[in-house]
K.L.:
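Before I ask anything, here is the structure I am working with.
All of these numbers come straight from a predicted model, not from anything done at the bench. If you read the sequence from its start, that first residue is 1, and numbering goes on from there.
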Amino acid sequence: MNDTVVASGPIPASRWPNAIRKLRPERVYRTPDGLYITMDSFFVEERGLFVPDSAARLLPGRESDPSYESLGEGVFAYTIKG
């Protein structure tokens, strides 16, 4: 993922670094807010890890959809309930 930054959209598995591959995610994608690592999804529901861009104005919280829970060091668990 370091050679070319994806502005927004899915990131092909061939471009995932080993640290992400070891997590065995369903998919990885980028939004203007940051990087989403989807670990589980079912219809419109989705769960995984989120790493916000330092420039993002998003302050993740639990009272939204998606909801976010800080895991520390700038990494969040996220849940989308649809």
Side-chain angles (χ1 to χ4, degrees):
M1 286 191 326
N2 295 340
D3 52 358
T4 304
V5 175
V6 174
S8 192
I11 299 172
S14 62
R15 298 198 43 223
W16 300 349
N18 284 334
I20 291 179
R21 278 194 195 112
K22 288 179 182 179
L23 296 172
R24 307 185 104 199
E26 287 185 4
R27 69 184 185 126
V28 177
Y29 63 96
R30 194 165 205 1
T31 71
D33 295 321
L35 183 71
Y36 285 85
I37 303 167
T38 305
M39 302 304 295
D40 182 51
S41 63
F42 185 71
F43 291 104
V44 297
E45 295 184 7
E46 185 176 308
R47 285 174 282 300
L49 302 172
F50 173 66
V51 181
D53 281 347
S54 59
R57 292 189 265 290
L58 175 70
L59 294 175
R62 292 184 179 178
E63 305 302 319
S64 60
D65 191 21
S67 63
Y68 300 88
E69 181 179 346
S70 177
L71 300 176
E73 301 297 322
V75 177
F76 296 81
Y78 79 91
T79 302
I80 298 173
K81 294 184 180 178

K.L.:
Quick one: CD1 on I20 to CZ on R15, what's the gap to the nearest 0.5 Å?
P.N.:
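Result: 11.0 Å between the selected atoms.
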K.L.:
Any side-chain to backbone donor/acceptor pair from S70 onto G72? Under 3.5 Å, distance only.
P.N.:
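Yes, because the side chain of S70 sits within donor-acceptor range (under 3.5 Å) of the backbone of G72.
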K.L.:
With side chains defined as the heavy atoms from C-beta onward, is the minimum distance between P25 and M39 less than 4.5 Å?
P.N.:
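Answer yes - side chains close enough.
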K.L.:
Could you check whether any side-chain heavy atom of V28 comes within less than 4.5 Å of a side-chain heavy atom of L35, counting everything from C-beta outward?
P.N.:
yes
K.L.:
Could you grab the distance from atom OH of Y36 to atom CG of L49, nearest 0.5 Å is fine?
P.N.:
12.0 Å
K.L.:
At their closest point, which heavy atom of S8 faces which heavy atom of P32, and how far apart are they?
P.N.:
OG-CD, 3.9 Å
K.L.:
Any heavy-atom pair between the side chains of I80 and D65 that's under 4.5 Å?
P.N.:
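The answer is yes, as the side chains (C-beta and beyond) meet within the 4.5 Å cut-off.
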K.L.:
Please examine the side chains of E46 and Y78, heavy atoms only from C-beta on, and report whether any two atoms are closer than 4.5 Å.
P.N.:
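Answer yes - side chains close enough.
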K.L.:
Is it true that a side-chain atom of R21 and a backbone atom of W16 form a donor plus acceptor pair closer than 3.5 Å?
P.N.:
yes
K.L.:
Return the CD to CD1 distance between E26 and I37, rounded to the nearest 0.5 Å.
P.N.:
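Here the rounded value is 13.0 Å.
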K.L.:
To the nearest 0.5 Å, what is the distance between CZ on F50 and OH on Y68?
P.N.:
5.0 Å
